[in-house]
Amino acid sequence: MSLSVPRRLAAVAALAVGGLIAATAPSALAAPTAPAAPTAVTAAPTPPDIPLANVKAHLTQLQTIATNNGGNRAHGRAGYKASIDYVKAKLDAAGFTTTLQTFTSSGATGYNLIADWPGGDPDSVLMAGAHLDSVSSGAGINDNGSGSAAVLETALAVSRAQLQPTKHLRFGWWGAEELGLIGSKYYVNNLPAAERAKFSGYLNFDMIGSPNPGYFVYDDDAAIEQTFKTYFSGIGVPTEIETEGDGRSDHASFKNVGIPVGGLFTGASRTKTAAQAQKWGGTSGQAFDRCYHSSCDNTSNINDTALDRNSDAVAYAIWNLGAATPVPPGKSFENTADVNIPDSPGAAVTSPVTASDVPGNAPATTKVDVNIVHTYRGDLVVDLVAPDGTVYNLHNRSGGSADNLVASYTVNASAEVANGVWKLQVKDVAAQDVGYINSWKITF
Ligand code: DTR
Ligand code: ZN
Ligand code: ZN
Ligand code: CA
């Protein structure tokens, strides 16, 4: 068994005898067989731009549906069910778990579509919704194809990004809103109290592309209101508090049972004042939407800038409110037992901790503190192993000949249930130099 002189001393000795003996530099040794593992993700995801073209493509589809079904997409008509089928197909293809909820109103079957994005804390639900039905007099492209299409495209953006928010994301398209919030009332009334308690918020989008637009923000919940205001101030667009909406759209169904609500609106039959035209452009003395509840509410009844801005605001709110505050800090679990790390080519060793009484999933900002005593940290591959076996790589041989590895890592473990046995796994993949796990801690 060769005398295991720490490699850096051997290199110095070689230089001292006047010749550079080709020391077996670590890179010359067998390549590390670090297990393929997802890297620890630390950056908070940034909201995407929602492509206006995609949102408008949905509106074109809804217009075609109306045109092919008697000119409308109203409750109880073929155009509404065709609209639901269109939206559901897109979401099924994107990996959502969809549920079609039926109800009866005015002697006709109504439909709500609920789409859940797998993952996130099941005890903290953030929902965004829009009513999908039109009035019987027209296609309902602004009212409310605009909100429906923006929520749909945001959901598809969540899928494209494979977003792993801390909260559980849910999306809803409501039936029979025009008959009196029938669909959303039915959904909320059929939610058990324990399920309602899980809602951190409901975001409503009803008419967000009005041709003579205003930028109105619901003021029902301060945090949600601020989130939207922050977005609009970031793009230099002034906003006003939505004053005509109380009780006039689906957010009322959620607010009535104590769920925090918010949302956006670009105006209906009220006229834009001179001051508002000064602020937002457009035409003063003219309705925000002259085709409100009329046959001319078609694809030409949309202001692209307003639709684009509001669609991006939907995504901004989902990404930011969905990140939410993780499990309260202080939930730490530590193992201080020393675990020797065999020199290469020895097997990996592990040090376990058992997490308990932590509700839901681990946060996106799970913290791992590592204390390893070793004479050559560049030999080490260090991983966090979740209770289900998922491996998150923390350290992969960086640091060269420096001693010890004492470091903190932030891991996006939001896809993992927090409770269970977590392990720190360490493998020495380069000969000479040895050490041991001194301690490690995981904090949710
Ligand atoms: N009730 C909505 C339109 C509507 C009118 N005022 C507001 C305020 C906030 C949201 C929506 C509305 C409809 O006709 O669908
Ligand atoms: Zn309406
Ligand atoms: Zn509406
Ligand atoms: Ca070694």
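In each ligand, atom 1 is the first atom listed, and ligand 1 is the first ligand listed. The figures here come from the full heavy-atom set of this structure, side chains too, leaving out hydrogens, waters and symmetry mates.
The protein heavy-atom contact nearest to atom 7 (C) of ligand 1 is F265 CZ, 3.5 Å. Among protein heavy atoms, the minimum distance from atom 8 (C) of ligand 1 is reached at G245 CA, 3.1 Å. For atom 1 (N) of ligand 1, the nearest protein heavy atom (residue, atom name, distance) is R248 O, 2.5 Å. Summary of contacts: the protein heavy atom closest to atom 14 (O) of ligand 1 is Y292 OH, 2.8 Å.
A donor-acceptor pair under 3.5 Å links the side-chain atoms of S148 to the main chain of H131, judged by distance alone. Between the side chain of D219 and the main chain of I241, no donor-acceptor pair closer than 3.5 Å is present. Between the Q276 side chain and the T273 main chain, a donor and an acceptor come within less than 3.5 Å of each other. A donor-acceptor contact shorter than 3.5 Å links the side chain of T266 to the backbone of M207.
Considering every non-hydrogen atom in both L113 and I84, the closest pair reads CB-CD1, 3.8 Å.
For S249 and N204, the side-chain atoms include at least one donor-acceptor pair closer than 3.5 Å. The closest side-chain donor-acceptor pair between Y186 and N112, if any, does not fall under 3.5 angstrom. For the residue pair S311 / E153, no side-chain donor-acceptor distance below 3.5 Å is found, with atom types taken as modelled. Side-chain atoms of S134 and N72 include no donor-acceptor pair closer than 3.5 Å.
Tested against L169, the residues L163, L321, T154, V125 include a single side-chain contact (heavy atoms from CB on, under 4.5 Å) partner, L163.
Distances from the Zn ion (ligand 3) to each N, O or S atom of D206 single out OD1 as the nearest. For the Zn ion (ligand 2), the nearest N, O or S atom contributed by H293 is named NE2. Nearest N, O or S atom of D143 to the Zn ion (ligand 2): atom OD2.
Considering backbone and side-chain atoms alike, Y218 places every N or O at 3.5 Å or more from each N or O of ligand 1. Note: no N/O pair closer than 3.5 Å links S249 and ligand 1 by distance alone. Where the criterion is an N or O separation shorter than 3.5 Å, residue side chain and backbone included, H251 fails it with respect to ligand 1.
Here E178 reaches the Zn ion (ligand 2): one of its N/O/S atoms is less than 2.8 Å from the metal.
Within the listing of ligand 1, atoms 15 (O) sit less than 4.0 angstrom from a heavy atom of H131. Of all the atoms in ligand 1, the ones that sit under 4.0 Å from a non-hydrogen atom of E177 are 1 (N), 2 (C), 13 (C), 15 (O). With ligand atoms numbered from 1 in the order given, ligand 1 contributes 13 (C), 14 (O), 15 (O) to contacts under 4.0 Å with heavy atoms of E178. Shown in contact with M207 at under 4.0 Å from a heavy atom are these atoms of ligand 1, numbered in order with element: 3 (C). Near E242, the atoms of ligand 1 lying under 4.0 angstrom from a non-hydrogen atom of the residue are 8 (C), 9 (C).
Within the 4.0 Å heavy-atom criterion, neither part of N144 lies near ligand 1.
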